[in-house]
Amino acid sequence: MGPDGRQEPREGEEPREAPEDEYAARRERMVRSQLQRRGIEDERVLAAMSEVPRERFLAEDQRPEAYRDGALPIGAGQTMSQPWIVACMTALLELDGDERVLEVGTGSGYGAAVLSRCCREVVTIERHASLAERARTTLAELGYTNVEVRQGDGTAGAPDQAPFDGISVTATADDEPPPALFDQLAPGAPLVIPIRRRHREHLVRFRDGRQEVFVPVRFVPLVGT
């Protein structure tokens, strides 16, 4: 048996797709063991993480690993962040449900789906066309109608939709966030982003000229045009 109580595949066997109710049970275990035990308390975030089917944002052969405590490759040299990081970044935005949020780095679309359950509207930007299209398709299939997926340079943001009530960046910037993102923040709105300084990466929240440094992280580099 695996650590979540499921039967492990024999050597040489492909992992078997679990039924929907088993995935739901795994989500609940993930929320309890990976999120609540590590200090995630925001009820809106916990409810979103309990609801969004993480497995549906992965290739079929990866779905049995969807709820493990780690990142997963999604192609184009990108990864789906571990559940705790997704929950932490969402919680740091301190959403109450009526915000418009910008996400830079769509990836699989899973993070945007979680955000969409915590706010009114999400605009998410992905540099890789193949990932953007796949995320757009998955989000549409699952009925996340308050998410707009764009393909392009996320460091430029989405000025036509600004100001944003929160911005989440899922790639690491050197020293400081892109200036364009600060320009697109509403007054008092937070920007959550991994920052590399002195060869170390930390999750940082910028708001009203102040910054708060949180946990060490490892993300792919933030790339613009």
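With hydrogens and angles ignored, the 3.5 Å screen pairs no side-chain donor or acceptor of E94 with any backbone N or O of A91. The closest donor-acceptor contact from the side chain of Q161 to the backbone of V123 lies at 3.5 Å or more, if one exists at all. Judged by distance alone, with hydrogens and angles left aside, the side-chain atoms of D61 form no donor-acceptor pair with the main-chain N or O of R63 at under 3.5 Å. Side-chain N or O atoms of N146 include one that pairs as donor or acceptor with a backbone N or O of R120 at under 3.5 Å. Between the side chain of T170 and the backbone N or O of G105 there is at least one donor-acceptor pair closer than 3.5 Å. Formation of a donor-acceptor pair under 3.5 Å by the R134 side chain with backbone atoms of I74 is found in this model.
Ring geometry for F57 versus Y144: interplanar angle of 30 to 60°, hence tilted.
Once rounded to the nearest 0.5 Å, the distance linking CD1 of I193 with CE of M89 reads 8.0 Å. Atom CD of E103 is separated from atom OG1 of T124 by 3.5 Å, given to the nearest 0.5 angstrom. The SG atom of C119 sits 5.5 Å away from atom CG of L95, with the distance rounded to the nearest 0.5 Å. To the nearest 0.5 Å, atoms CD (E148) and OG (S116) are separated by 13.5 Å. In this structure, OG1 on T155 lies 10.0 Å from CZ on R127, to the nearest 0.5 angstrom. With rounding to the nearest 0.5 angstrom, the CD atom of E121 is 10.5 Å from the OG1 atom of T145.
Between G166 and A189 the shortest heavy-atom distance is N-CB, 4.1 Å. Among all heavy-atom pairs drawn from E99 and C118, the shortest one is OE1-O, 4.0 Å. The two residues D208 and P187 have their closest heavy-atom pair at OD1-C, 4.4 Å. The heavy-atom pair separating A66 from L72 by the smallest distance is CA-CD1, 4.0 Å. P177 approaches F182 most closely through the heavy-atom pair CG-CZ, 3.7 Å. When every heavy atom of D98 is checked against every heavy atom of D96, the shortest pair comes out as N-OD1, 3.2 Å.
Between L115 and L93 there is a side-chain heavy-atom pair separated by less than 4.5 Å. Side-chain contact between L191 and L185 is present, with at least one heavy-atom pair separated by less than 4.5 Å. Put simply, the side chain of H202 does not reach to within 4.5 Å of the side chain of P194, judged on heavy atoms. At a threshold of 4.5 Å between non-hydrogen side-chain atoms, the residues R207 and R205 count as touching. A heavy-atom distance below 4.5 Å is found between the side chains of L131 and Q78. By the 4.5 Å heavy-atom criterion applied to side chains, T172 and V220 are not counted as neighbours. Annotation: side chain of E212 is not in contact with side chain of V204 (no heavy-atom distance under 4.5 Å). Put simply, the side chain of Y110 does not reach to within 4.5 Å of the side chain of S81, judged on heavy atoms.
One hydrophobic cluster holds both V86 and V45 under the rule that ILVMFWY side chains link at heavy-atom gaps under 4.5 Å. One hydrophobic cluster, built from ILVMFWY side chains closer than 4.5 Å, holds both V217 and V114. Residues V192 and L102 fall into different hydrophobic clusters, defined by Ile, Leu, Val, Met, Phe, Trp and Tyr side chains chained together at heavy-atom separations under 4.5 Å. Hydrophobic clustering (ILVMFWY, side-chain heavy atoms < 4.5 Å, transitive): V215 and V213 are in distinct clusters. Hydrophobic clustering of Ile, Leu, Val, Met, Phe, Trp and Tyr side chains at less than 4.5 Å, counting indirect connections, unites L35 with L203.
Salt bridge status for D160 with R150: present, with a side-chain N to carboxylate O gap under 4.0 Å. In summary, R54 and E65 do not engage in a salt bridge, as defined by a charged side-chain N under 4.0 Å from a carboxylate O. Between R117 and E43, no side-chain nitrogen of the basic residue sits less than 4.0 Å from a carboxylate oxygen of the acidic one, so the salt-bridge criterion is not met. Between R100 and D165, none of the side-chain N atoms (NZ, or NE/NH1/NH2) sits under 4.0 Å from a carboxylate O, so this pair counts as no salt bridge. Between R136 and E141 no salt bridge is recorded (no basic side-chain N to carboxylate O distance below 4.0 Å).
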### Task
Take I85 and F219, measure what side-chain contact (heavy atoms from CB on, under 4.5 Å) needs, and give me the verdict at the end.
CA-CA 10 Å; I85 287 291; F219 281 82; 3.5 Å; yes

### Message
Go through it in stages, so that I can follow the logic: the residues are D42 and T90, the test is side-chain contact (heavy atoms from CB on, under 4.5 Å), and I'd like the CA-CA distance, side-chain angles, deciding distance and then a yes or no.
### Response
CA-CA 9 Å; D42 188 308; T90 306; over 6 Å; no

### Query
Could you go step by step and tell me if L46 and Q36 meet the side-chain contact (heavy atoms from CB on, under 4.5 Å) rule?
CA-CA 8 Å; L46 293 172; Q36 291 177 307; 3.8 Å; yes

### Message
Applying side-chain contact (heavy atoms from CB on, under 4.5 Å) to V104 and L222, what does each step give before you reach the verdict?
### Response
CA-CA 9 Å; V104 175; L222 180 63; 4.0 Å; yes

### Task
Let me see the working for E126 and T106 under side chain to side chain donor-acceptor pair (under 3.5 Å), right down to the final yes or no.
CA-CA 5 Å; E126 172 55 50; T106 310; 4.6 Å; no

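Scored by the side-chain hydrogen bond (donor to acceptor under 3.5 Å, both in side chains) test, Y67 finds R27, E55 as partners (sequence neighbours excluded). The side-chain hydrogen bond (donor to acceptor under 3.5 Å, both in side chains) test applied to R56 returns no partner, not counting sequence neighbours. Residues meeting the ring-ring contact (aromatic ring centres under 6.0 Å, His included) test with F214, sequence neighbours left out: none.
Annotation: R38, atom CZ; neighbour count of heavy atoms from other residues, nucleotides and ligands within 6.0 Å is above 12.
Test M49, Q82, R68 against M30 for side chain to side chain contact (heavy atoms under 4.5 Å, CB included) and you get one pass: M49.
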